[in-house]
Amino acid sequence: MWLPMLGMTALPHLGGLYGGFITRKEVKNWYPTLKKPSWRPPNAAFPVVWTCLYTGMGYSSYLVWKELGGFTEEALVPLGLYGLQLALNWIWTPIFFGAHKLKLALVDIVLLTGTVGATMVSWYPISRTATLLMAPYLAWLCLATCLNYRIWRDNREEKEE
């Protein structure tokens with residue numbers, strides 16, 4: 001059972017690594033030109049936070065997968081919602097940092113936050129531990145959604161193509 005646990009825990013990091021590749025250049029060149037609220041976390045916090053969040057969500061998915069006996073019919077909705085939120089998570093960075101589409105990124109992160117909430121609701125009867133491990137992720141997404149909104153609002157005309 002170690003291999004599925006390691007694989008499912010590592011899976012979310014794949015999108016994070018790709019996102020980090022996209023973000024690295026833009027954080028130095030484009031991102032500093034944006035107007036940002038004073039309450040935003042420092043840039044150095046993001047890789048640390050996302051590493052922890054990706055690890056927690058990945059391990060959570062393993063707990064649900066294990067409890068449901070793998071990729072069974074019963075796992076379709078809870079793991080399907082998880083997969084959907086993971087896809088929405090992975091595409092946010094290319095939209096925001098890669099394409100500089102602040103409004104589209106905002107739409108994505110709102111859908112992502114709602115999908116994470118739905119994932120947690122579907123997981124609660126299966127594994128309370130998995131659900132609770134997703135709580136910091138949901139809290140961070142609420143902050144990130146507010147930040148995305150403020151950046152979009154304050155940079156609409158000058159920066160968005």
Side-chain angles (χ1 to χ4, degrees), residues 1-28 31 40-102 104-149 151-152:
M1 277 300 189
W2 283 96
L3 192 57
M5 181 190 67
L6 291 175
M8 293 181 84
T9 301
L11 177 65
H13 293 278
L14 296 177
L17 291 171
Y18 176 68
F21 178 76
I22 292 171
T23 303
R24 194 166 289 125
K25 176 185 158 202
E26 299 300 329
V27 164
K28 293 176 184 168
Y31 190 68
R40 73 175 169 87
N43 290 347
F46 287 87
V48 174
V49 169
W50 278 111
T51 299
C52 294
L53 296 175
Y54 281 142
T55 301
M57 80 170 77
Y59 184 69
S60 295
S61 72
Y62 165 74
L63 292 176
V64 171
W65 174 84
K66 184 178 86 167
E67 192 65 33
L68 294 175
F71 295 110
T72 62
E73 188 175 331
E74 188 181 6
L76 183 63
V77 170
L79 293 179
L81 284 168
Y82 174 76
L84 176 58
Q85 73 79 29
L86 196 57
L88 289 167
N89 178 300
W90 286 352
I91 66 169
W92 183 89
T93 299
I95 294 169
F96 187 92
F97 283 103
H100 304 173
K101 299 292 185 187
L102 306 178
L104 184 57
L106 179 59
V107 170
D108 176 76
I109 203 166
V110 167
L111 292 171
L112 169 58
T113 304
T115 305
V116 169
T119 301
M120 291 172 70
V121 167
S122 77
W123 284 10
Y124 188 75
I126 301 161
S127 172
R128 290 185 179 145
T129 301
T131 305
L132 290 173
L133 283 170
M134 293 286 278
Y137 177 37
L138 184 61
W140 182 261
L141 284 175
C142 290
L143 173 72
T145 301
C146 293
L147 181 58
N148 192 152
Y149 169 75
I151 292 172
W152 167 72

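Residues take their numbers from the sequence shown, with the count starting at 1. Because the structure is a prediction, the values reported are computed rather than measured.
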Yes or no on side chain to side chain contact (heavy atoms under 4.5 Å, CB included) for R24 and F97, after CA distance, side-chain angles and deciding distance?
CA-CA 9 Å; R24 194 166 289 125; F97 283 103; over 6 Å; no
For the aromatic rings, using the six-membered ring if either is Trp, is the centroid distance between W140 and F46 under 6.0 Å?
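Ring-ring flag for W140/F46: true, centres closer than 6.0 Å.
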Suppose we call two aromatic rings close when their centres sit under 6.0 Å apart. Are F96 and W92 close by that rule?
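Yes, the ring centres sit under 6.0 Å apart.
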Minimum heavy-atom distance [X]-[Y], with the two atoms named:
{"X": "P41", "Y": "L147", "answer": "CD-CD2, 4.4 Å"}
{"X": "L102", "Y": "N148", "answer": "O-ND2, 3.3 Å"}
{"X": "L106", "Y": "W152", "answer": "CD2-CE3, 3.9 Å"}

Between E26 (side chain only) and T23 (backbone N and O only), is there a donor and an acceptor less than 3.5 Å apart?
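Looks like no, no N/O pair under 3.5 Å.
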Are [X] and [Y] side-chain neighbours, meaning at least one heavy-atom pair lies under 4.5 Å?
{"X": "P136", "Y": "L53", "value": "yes"}
{"X": "W90", "Y": "Y18", "value": "no"}
{"X": "Y82", "Y": "M57", "value": "yes"}

Verdict with supporting geometry, Y54 and N89, side chain to side chain contact (heavy atoms under 4.5 Å, CB included)
CA-CA 10 Å; Y54 281 142; N89 178 300; 2.6 Å; yes
Is the number of heavy atoms from other residues, nucleotides or ligands under 6.0 Å of Y59 OH greater than 12?
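Count not over threshold, so no.
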Determine whether T51 and H13 satisfy the following criterion, side chain to side chain donor-acceptor pair (under 3.5 Å), listing intermediate values before the conclusion.
CA-CA 7 Å; T51 299; H13 293 278; 5.2 Å; no
Donor-acceptor side-chain pairing of E67 and Y62 below 3.5 angstrom:
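Looking only at side-chain atoms, Y62 and E67 do not form any donor-acceptor pair under 3.5 Å.
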